[in-house]
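Comments concern the structure below.
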Amino acid sequence: MFSLAARRIIASTRVTITRSLHAAARPQMLHPAPRPLVARRFEHTTAPGQTLQERANFQGDWIAPVVPYERVKALTEQPNENVYLIDVREPEEVAQGAIPSAVSIPLSGFAQSIKLDEAEFKEKHGFNKPALDKEVIFYCRSGKRSASASDIARRNGYKNVLNYEGSWLDWTARQGTPGAGAS
């Protein structure tokens, strides 16, 4: 029989030869084959009282109006029951600190939470669900997730949606709060 070293060389050579044969059998493709088109059917419905033009405007690109730091600062000093300041960061991020008077709904579950009825919402989050006509200001770490939350809220019927674009990073930089550089 062969020694252990010889068997390893033979096995290694066998793998190399097999790979070479498989590679030679495959034709070289410069461009991948096009994927077949899949037809999908979408329902085109409108909400009661909504025209097709309103629906088209609603589904178009939309960027939430931006609220400045000064407005958020004023809300923390004098909270208003008609304005919700919602932090959409994840719980481990919120543990590092939050803007005073803000409530938390992580973006990862925001779309599901916003569809809950008032009782389920209050049980899950510990505060009343904002009415569709209330002013809702979203913030996150840097303003990206809050923009997504703003869009989700708008698509679910909220009319007065704002985005604190600077979000937690802006707040901590202006307040001198620790954690400004946290990810």
Using 30° and 60° as the class boundaries, would you call the ring planes of Tyr84 and Phe127 parallel, tilted or perpendicular?
tilted
With rounding to the nearest 0.5 angstrom, report the CD to CZ distance, Glu90 to Arg145.
6.5 Å
Could you tell me the separation between the CG atom of Leu162 and the CZ atom of Arg71, rounded to the nearest 0.5 Å?
6.5 Å
Please tell me if the side chains of Asn80 and Glu135 come closer than 4.5 Å, counting only heavy atoms from C-beta onward.
no
Drop me the distance from Glu123's CD to Asp117's CG, to the nearest 0.5 angstrom.
9.5 Å
Any donor-acceptor pair under 3.5 Å linking the side-chain atoms of Asp87 with those of Ser104?
no
First locate atom CD1 of Ile86, then atom CD1 of Ile99, and finally report the distance between them rounded to the nearest 0.5 Å.
12.5 Å
Under 4.5 Å between any side-chain heavy atoms of Arg141 and Gln96, yes or no?
no
Parallel, tilted or perpendicular: which describes the rings of Tyr164 and Tyr69, with under 30° parallel and over 60° perpendicular?
tilted
Verdict with reasoning, Arg174 to Glu70, per salt bridge (Lys or Arg N to Asp or Glu O under 4.0 Å)
CA-CA 10 Å; Arg174 292 178 186 236; Glu70 293 76 21; 3.3 Å; yes
Minimum side-chain heavy-atom gap Lys134-Tyr158 below 4.5 Å
no
Determine yes or no for a side-chain-to-main-chain donor-acceptor pair under 3.5 angstrom, with Lys122 supplying the side chain and Lys129 the backbone.
no
Any chance CD of Gln78 has more than 12 other-residue heavy atoms, nucleotides or ligands included, within less than 6.0 Å?
no
Applying the side-chain hydrogen bond (donor to acceptor under 3.5 Å, both in side chains) test to Asn163, which of Ser146, Ser148, Ser150 qualifies?
Ser146
Taking every non-hydrogen atom, the tightest pair across Thr76 and Lys73:
OG1-O, 2.6 Å
Which atom names give the shortest non-hydrogen contact between Val161 and Ala153, and what distance separates them?
CG2-CB, 4.1 Å
Rounded to the nearest 0.5 Å, the CD1 atom of Ile63 sits from the CD atom of Glu165 at a distance of 9.0 Å
Measuring only between side-chain heavy atoms, which start at C-beta, is Phe110 closer than 4.5 Å to Asn156?
no
Are any non-hydrogen side-chain atoms of His125 and Val103 less than 4.5 angstrom apart?
no
Any chain of hydrophobic side-chain contacts (each under 4.5 Å) joining Leu75 to Val94?
no
Between the side chain of Tyr139 and the main-chain N/O of Ala102, is any donor-acceptor distance below 3.5 Å?
no
Of all heavy-atom pairs linking Pro100 and Trp171, the shortest is CD-CZ2, 3.7 Å
Are the side chains of Cys140 and Leu107 in touch, meaning some heavy atoms are under 4.5 Å apart?
no
Do Phe138 and Ile152 touch side chain to side chain, with heavy atoms closer than 4.5 Å?
no
Linking I/L/V/M/F/W/Y whenever their side-chain heavy atoms sit closer than 4.5 Å, directly or via other members, would Val72 and Val66 fall into one cluster?
no
